[in-house]
Amino acid sequence: MTAPGAEAMNALTYPQSIDGDGLSERPLLDVSGVTLQYKTRRHLVTATYRVDFQVFQAERYVLLGPSGCGKSSLLKAVGGFLQPVEGAIRLNGRSVTKPGPDRMMVFQEFDQLPPWKTVKQNVMFPLLASGKAKRREAEEKALDCIARVNLTKFADVHPHMLSGGMKQRVAIARAMAMEPDILLMDEPFAALDALTRRKMQEELLQLWDDLRFTVLFVTHSIEEALVVGSRILVLSPHPGQVKAEVNCDGYDHGAVGGAEFQALANRIHTMLFAEDVEGSGKGPNA
Ligand SMILES: Nc1ncnc2c1ncn2[C@@H]1O[C@H](COP(=O)(O)OP(=O)(O)OP(=O)(O)O)[C@@H](O)[C@H]1O
């Protein structure tokens with residue numbers, strides 16, 4: 001991976017191709033002009049306003065913004081759990097209208113694993129429930145994914161025997177077993193202590209190096225976004241609008257203390273809280 005220069009931080013640069021072959025590549029995920037709202041009995045809450053972004057195959061794409069800017073709502077919408085009031089979401093050219101096995105979610109809650117199932121049974125469950133695999137094939141796939149996240153020794157134990165980080169790895173293995181087109185991760189490491197969080201970030205990058213999956217990752221940590229991501233969508237505070245897009249491939253934990261990393265982190269910080277929303281010209285009430 002190559003470290004980007006400061007000029008890599010071009011706002012709203014959507015590459016035609018990420019493999020440099022000069023050919024235009026269709027985005028895997030195309031989010032176009034998406035406004036998301038919640039209707040409560042008393043209020044209409046606009047969570048995001050006309051958000052555009054595209055994710056290409058094998059990208060680690062990060063949604064970054066302050067609390068309440070609609071990151072989770074965007075992820076839910078890509079997951080098919082929330083319908084945009086305007087705009088469109090397409091995966092592989094097909095409109096997203098409901099949840100599907102091509103998009104697997106990993107949440108931050110540790111309780112996402114049913115405690116009465118062993119690690120192996122947890123990983124097998126979506127394969128069996130979706131009809132994607134019969135028992136034998138599901139078991140093989142599950143054991144393979146469990147091995148990839150280094151939990152082979154724990155395949156037959158129940159989740160309460162595992163640390164938070166290990167449970168998170170099981171959740172990732174379970175999602176990966178489904179071979180989704182895109183992995184949706186909603187602040188998956190937010191509840192972990194700093195050391196485990198760092199380890200999990202490294203493990204995710206290692207897994208990505210091995211498997212080159214596509215991931216859409218939500219965080220409100222600038223440092224995490226820079227380390228985990230290959231591109232970052234910077235969102236404004238509530239309601240979330242696109243501020244800029246940042247290319248950040250090549251930063252790892254070793255880069256964190258460096259001047260270049262800090263300069264980029266500072267620029268993103270300034271951008272997050274700047275008044276203007278780039279490329280919009282219109283507010284949510286326009
Ligand atoms: N189910 C809901 N009903 C009503 N309003 C909601 C609901 N879920 C989210 N919101 C509102 O939508 C806005 C965006 O919320 P969302 O959770 O998507 O933001 P976020 O950027 O993920 O925040 P955080 O980083 O704190 O998780 C917030 O104002 C929130 O209060």
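Atoms within a ligand are numbered from 1 in the order they appear, just like the ligands themselves.
Under the 4.5 Å side-chain heavy-atom criterion for Ile, Leu, Val, Met, Phe, Trp and Tyr, L162 and V149 are members of the same hydrophobic cluster. Cluster membership for V85 and L74, using ILVMFWY side-chain heavy atoms within less than 4.5 angstrom, is not shared.
A heavy-atom cutoff of 4.0 Å around ligand 1 is satisfied by the protein residues Y38, T40, V45, A47, P66, S67, G68, C69, G70, K71, S72, S73, E187, H238.
Between the side chains of T214 and E59, no donor N or O sits under 3.5 Å from an acceptor N or O. E224 and Q201 share a donor-acceptor pair across their side chains, judged by distance under 3.5 Å alone.
Partners of F125 according to the ring pair (Phe, Tyr, Trp, His ring centres under 6.0 Å) rule, which considers only residues two or more places apart in sequence or in another chain, do not exist here.
Y61 and F53 have parallel rings, their planes meeting at less than 30° on a 0 to 90° scale where 60° marks the start of perpendicular.
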